[in-house]
Every structure is written in C-alpha cells, then in structure tokens.
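Notes follow the structure.
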Amino acid sequence: MYAQVIVDVPHVETDKPFDYHIPSELRPHLTIGSRVSAPFGNRKIQGYVVGLSETTSVKKARDLEDVLDVVPPLTPELIELGEWMSERYLCRRYVSFQAMLPAALRSSYKKSLSLTEDGKQITLLIPQERQLMRFIEEKQPIDYDQLLKNFPGEKSFLLKALREGWLQAEQVVKDKVTRKTLLYVIKAESDQTLQQAAEALPKQASKQREILQFMLDLQHPIALRDLLAQLSASQSSAQALVSKGLLKMEEVEERRDPYAGRAFEQEAKVVFTPEQREVIDEIVFALNRPQPFSYLLRGVTGSGKTEVYLETIEHCLQMDRQAIVLVPEISLTPQMVNRFKAKFGDQVAVLHSGLSRGERYDEWRMIREGKVNVAVGARSAIFAPFTKLGLIIIDEEHEGSYKQEENPRYHAREVAKKRAELHGAVTVFGSATPALESYYEATKTETGLLEMPYRVNRRPMPSVSVVDMRDELKQGNRSMFSRLLAQGIETRLSRGEQMVLFLNRRGFSTFVMCRSCGHSLQCPHCDISLTYHRSNQTVRCHYCGHTERDASECPDCGSKHIRYFGTGTQKVEEELSRHFPGIRVIRMDVDTTGRKGSHEKWLTQFREGKGEVLLGTQMIAKGLDFPKVTLVGVIAADTILGMPDFRAAERTFQLLTQVGGRAGRHELPGEVIIQSYNPDHYSIQLAKNHDFEKFFAMEMKHRYEQNYPPFYRLVLFTFSSPDVPLVVKKADEWVKQLKRKLPSSVYLLGPVASPIPRIKDRYRFQCMIKYRDEADILSQIKLLSDSFIYANRNEDIGLTIDVDPHMLM
Ligand code: ADP
Ligand code: ZN
Ligand code: ZN
C-alpha cells in the first residue's frame, strides 16, 4: 500500500502529493486525513495523507515513519476543501490543511501516553507487551518517542493499544502541557493532631492557625488558590504548614472547561413573530431537501435573527445533522454564548481566541470525535471537523473579520458555501447591513433572500441626528462634544440612564507632532506615524510594535513644544471627566482588553451599572444588548470615510447602522447622535434614515462606474524587499508578464508604492488586477506566480497574492 502525502516543505515544487510506502504495522492506523511523519531528503517532516493506492509509479517510494494521531485530524471532506482553497486562494495545500486545525496540532509536537482504566484491566497480553504496559503505568505520562527508543520492536502494539483505548495519547505542545492541573491542599495528619498543632502555634502564626482551622472545618481537600483567596493568606503560610508535615499538596487534574462553574440561564421559549415563523419555515424546508442551498437573511438589529438561528439549529439536530455558527470574534460575548449553551447545553463547542491553546484543542477534539453537534466560533470555526453538516450560519456576514488576512487568505462565506456544497447543507448569512456582494447575489441568483424588516414587538428604530462639526467650530465650540451630544450626555446622567460612546479605532489619529517644526514621530522601520499611549507614556508602532519612551523634545529641531494630537479613546475619556465631573467611564479598546477575560469584565461592570458611559472602539459596535442604554454617540463618523479603500462608504454605512442598533432595544426609547465633518455624505445620511436599499442602489452605481466588486473581481499583488531597486524591478517585471499573458479585458493597475510603503524594514510595492469573473484567470496567475517564485528563489523578495482583497494596503 502507498499513501499520497502533502508534505510540509515550503517550495512551489513540493506543493503536490508525494508517494510513500506504508509499512504493514502502520497500515491499520492510517487513512485519508491522517497526519504522518515521513523522511524527506535527509530530514523528517510532517504531512497529510490525501490518497491511498495499491501501486505507485515511483521507483523507490520511501517508508512512512509514523502516524501522529489516533483519530485523523482531517476528514476526506476537509481534504477536498483544502484542495479547493489552494486553487481558490493561490496558496500551498499544506498551508490550507494547517489552517483547518487548532494551533496545538500545528506546532512541533510531542505525544505522551498513559494507561486508561481499560488498559489497567487488560490481561491477554504476551510477556513483552505486559512488561511494556507496566513500564508505562509506572512512568506515565511518558513521552512516546522516548518509549519507542526503549521498546523499539513494540510500535505496532502501541498503535493497537491506542486504537483499542488501552492507552491514551495527549499532544504535549512544546513545553506547554495541554492537560491542566491544580494544586490541592490536603490534611496530612489526623484531626486531633492538627487541632493540637493549631493550638500550639505561636501568636505570630495566626494565618497558619486560621488555615488549619479552615481545613478542619472543611473536611475535604481544596484547591490551594481557592484556600488562599478565601483566607487572604499567602502561599508561604500554607507552605510552612506543609514543611511541618501537617498539610500536604497534590496536583490534581482539572477538566478544562472554559465555561465550567457557570450556570446557563434557561431562556423562556419565545412566541415567534409572523416574520420569524416564515423565515424559519423556509430554512427548515431547505434543510429537508438533499441539495445545498444558500440564504441571505436581512434583518434589522433586534429583529430576532438569533432566535431564528437557534430554532433552525434545533431542527437540524433533530435530523441528526450538525451545525456551525460563525459570529465575529468581538460578538462572541458571554451573552451570545449563553444563548446557545442554554438551548443546546453540552452539545455545543465554543471556539474563540480567548481560549488557551489547550482549551481550544479540547473543544476541537469534541467536535472531531462527534461528541458535540454545534460549533459556535469566530472565523476559523468554519473548519469545525463535523462529518454530518446540515446548517452553516454566519451572523453579521458583512463583517471584514471573516476574511483572513494571512495565508490562506480565505473568506469564511465562500468556504461555508463550499462546505455546504460538499455536504448538501444549507447556509444562512445574516446581517442588518449585508455586504454589497451578498445582497447583489441574493437579488440576482439562486440565493434566497429572507427579510425581517421590523424589530421584535415593533419597537421603533432609534431616532438618529447628524451633527455638523464644522458648524460647531464656527459657533466657537472647540471641544470634541457637540452641543447636542453634550446635552444628551447631561440628560442621561440626570436620568440615571446609560450611554455608549463610539470612537472608530484606537489611537487612529493620536500621533505625536512638534508644534514648532511640524515634525511627527515616525516608526524607524515602517513608514507610519507612531501612536501615543498615555497609560504608560510611550509611543508605539501598530505594525511592528516598535516602542519609544514619550519624546519630550523634538528629535528634529529640539523644541520642547512636542505633543500628541487627535482623539484616541484615552483622550475622550479625559475630556469626558473634564466636562462632566464625576462621570464614570468604562473604556474598552485594545489597550484595556488585552488580558484574557478583561473584555467580559468591563461589560459586566457596565451591565451592573458601575459606569454611565461605555466608551470604545469597533469592539463595542455590535452584539451588545443593554436595557438601560438610551443614547449612542459617534464621536467622529469620518475616520473610515477617509481610508484609501473602495469599501470606505460601505464600511461607514454598516458601522453607523450597527452602532445605532445598540440603542433603544428595550422599553426605553433610544437616540443616536452622529458627529461628522462630512454630514452630507450619502453613507451617513442613509444610515441616519435606516435606508439600506437606497444605499445599496447608490453604492452599486459607484462600483459599476469604477469597475469594482461585485461587478469586477480584484487580485492584489504585494512585493516586499529590503532592497528598493530590486522590489521596483521585480514589480515592473511582474506587471509586464501579466500584460503579456492575461486577456486584454483584464485591467492592470500599478505598480505603485503601497499605502504603507515600508513595514519592518521591507519596502512594499503593489499592483492590482480587475477582471470579470473568468474562471481560468486564477489558474493562469497561479502558473505565473509559481514560476516567479521559482525564478526568484535566491532573492530576498516576497510576493503575497490576495484574491478578493479586503484591505488594500
Ligand atoms: P437580532 O439577532 O436580530 O439582533 P435577537 O434574536 O437577538 O435579534 O432578538 C432581539 C431581542 O428580542 C432578544 O432579546 C430576543 O430574546 C428577543 N426576541 C426575539 N424574538 C422574539 C419573539 N418572537 N418574541 C419576543 N422576544 C423576542
Ligand atoms: Zn520640531
Ligand atoms: Zn514599525
């Protein structure tokens, strides 16, 4: 038997299956989707099995070395999907496969073995095997490679024992053990001895006495961290008692459930509105058909889309099929997760970046082993390795974060459709403001358009005012709050209501500038302004992380009149305190939410009323639902409009609509105030009027006139090198090549310096093509880029290809 293997060797010539011979001992343990180790040249590499055959045309196929997992991490369907992704996004197959797996399975790995309960019972073994099992039991968990060295002839038996469940294997990721243990404190002596010891302790050792007394009262072991927390004791007090032999500590394995200890509120079953009923029936109808089908669900915020998702998933599960739900990372709030957990309990796996590697791996394993049937997660959850997919839901489908900005540069929407096709499944893409591409497709093709134009219970959409900030300045108001907004804030404060203030992206314009000579601080490695961070008085580059102490004098002219400009969230926070003394602001941006769990902490505080204002960036724009929020303010609506991107108007419209959706979702009516220096821009005006259709019509006209998606497709090529002449020359050559080889109907733009001309000391040039959907354009580009990469393999030149790019930088 031979296996066709995609190997982890980063060259264009190696992006194809290699034949390996399968040693007979490995044969029962290997199938399509298995991860294997194999010799390549004089190295040992990893690879994925994509095919099996009886024969090979290769003269001397080498032996596979090992099978790395008991359950193959990929399924035949995912292998097919990976092949498709490589063609669609022009990346190596190996990269596609890696992208589908949790990080724990991507990095260098070690496998450690231990005996299971079954393994302890097993009796029918020959002496060597019994000896091996005993060895494992004594040393467990024991490193697999180590074990093979000690028992070189027993590989076949080990694999069998794993399959039979006599042994269990765990990935040990680098030095990080995926299994989590907790230190427990246990009594080491009789109660009587402890009692006496407690009484005999000197006065100064009151904490130790307290601990002993506590353990006597408790009568069972307790996690050290809980003990210390409950008694506000230090570790050294506990340690002292251990040294005296009164207590002991033991490591106990903790099951890693990120949601452990949380009760999930059961929600009362809702009575569906007629709109919801209709939409649900339609989707269920499609679920009952064997062929794939796609829906676009356009429903205003608060129209009850999530309830639709929950109900249709329930139908899907009843049909013994599985479901994936994607939500943007920042909407994966405990509130959101809670709704799914409450409904489906431990049928749900949750995948998001807040989990540790090990936790993610555990959730992934539950999916792969068929122990759960619903996966909720951000972008990469689209690869949840289900085998009976029935329904894929993408909420907020217009969100830019569904596009991955590194290889493979896939879009989750497209991957969803492909998987639905492979499974005969249904996709539902939901949004209040669908992406233009999606809406266009829904109006013209076989995609079904479902609409829920009203909020549940017909609660009115909030009233929206747009304030012209140029006017404010003319009237002598130099603050960042217009009179209307200031008044709005005042009113909420006096009524004890809450508000959300929104500032687009952190420190976007908080650059540091010298008022004497106009010099602004630039990153020495990237051509971009440094951003000021008040909390630790540093200036930082957002691209490479370069950090400098706050400059107190201008590096150019030496003037001391150097200061930061612009309105970052920190600045707004300060201004709020200055204008509204005593106001309590909860600020959420990348700086305050870096730590795990901090996101949730702030939101809980806000919900509990520990602040009147929730101030933040994009991350507060969606998904949040607070009954007492009656005012949403947008400090500056223009920040996205000014971006060099053909989607700027669309993003502005979406964002303003989303932000506005935060207000008035409950009994109290809501008001939205948008401040802008371009108040007449159609994206702002139409967002104000909640007029998606008109926006769609106008924006489509622009796109049509300028040959942009969805009428044309784009591919962006970015070249980078530390050597300027080289990068210019290569980009030129590339464009000439494209001109010669591609049909004349394809538009070519560039090469030009990228909007960010240098990142991490590499100079960047880019060019772009626009083309009508012609099937073979991508395969032609693939051939050209392969030969380009090969021809330049000895030059320090990078080429990234972004198909259907979302960021044009
Ligand atoms: P969306 O996802 O479209 O923003 P949700 O599904 O979150 O909307 O619904 C908004 C609010 O209305 C939620 O609090 C939800 O529980 C409630 N809701 C949804 N459908 C109904 C219904 N049919 N009857 C009563 N309340 C509903
Ligand atoms: Zn200066
Ligand atoms: Zn930098």
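As the structure is a computational prediction, the values presented were derived from the model and not from experiment. Excluded from the calculations below are hydrogen atoms, water molecules and symmetry mates; all remaining heavy atoms, backbone and side chain alike, are included. We count ligands from 1, going down the list as the structure has it; atoms in each ligand are counted the same way.
Ion pairing of Lys388 with Glu77 is absent here, as no side-chain N (NZ or NE/NH1/NH2) approaches a carboxylate O to less than 4.0 Å.
Here Phe711 and Tyr440 bring their ring centres to under 6.0 angstrom of each other.
Looking at Tyr439, its side chain never comes within 3.5 Å of a backbone N or O of Leu449 through a donor-acceptor pair. Distance alone, capped at 3.5 Å, is enough to place a donor-acceptor pair between the His411 side chain and the Arg413 backbone.
If you number the atoms of ligand 1 from 1 as listed, the ones under 4.0 Å from a heavy atom of Glu307 come out as 6 (O), 16 (O), 19 (C), 20 (N). Interface of Val300 with ligand 1, defined as ligand atoms under 4.0 Å from a residue heavy atom, comprises 3 (O). Atoms of ligand 1 lying under 4.0 Å from any heavy atom of Arg339, numbered from 1 in the order shown and given with element: 5 (P), 6 (O), 7 (O), 15 (C), 16 (O). Listed by number with element, the atoms of ligand 1 under 4.0 Å from a non-hydrogen atom of Thr273 are 23 (N). Close contacts of ligand 1 with Ser303, meaning ligand atoms under 4.0 Å from a residue heavy atom, involve 3 (O), 8 (O).
Between Thr301 and ligand 1, no pair of N/O atoms sits closer than 3.5 Å. Considering backbone and side-chain N/O atoms, Val270 never comes within less than 3.5 Å of an N/O atom of ligand 1. For a threshold of 3.5 Å applied to N or O pairs, the pair formed by Val271 and ligand 1 contains at least one separation below that value.
The proximity of Met452 to ligand 1, defined as any non-hydrogen pair under 4.0 Å, does not occur for either the backbone or the side chain.
Relative to atom 9 (O) of ligand 1, the option among Gly299, Gly304, Ser431, Ala432 with the closest non-hydrogen atom is Gly304.
Applying the ring pair (Phe, Tyr, Trp, His ring centres under 6.0 Å) rule to Phe695 yields the partners Phe653, Tyr682; only residues at least two apart in sequence or on another chain are considered.
Each salt bridge (Lys or Arg N to Asp or Glu O under 4.0 Å) pair with one or both residues in residues 677-693, not counting sequence neighbours, appears once here: Arg298-Glu693.
Using a non-hydrogen distance threshold of 4.0 Å, Arg455 does not register as a contact of ligand 1.
Minimum interatomic distance between Leu656 and Ala637 (heavy atoms only, all atoms of both residues): CD2-CB, 4.2 Å.
Heavy atoms from other residues, nucleotides or ligands lying under 6.0 Å from OH of Tyr454 number 12 at most.
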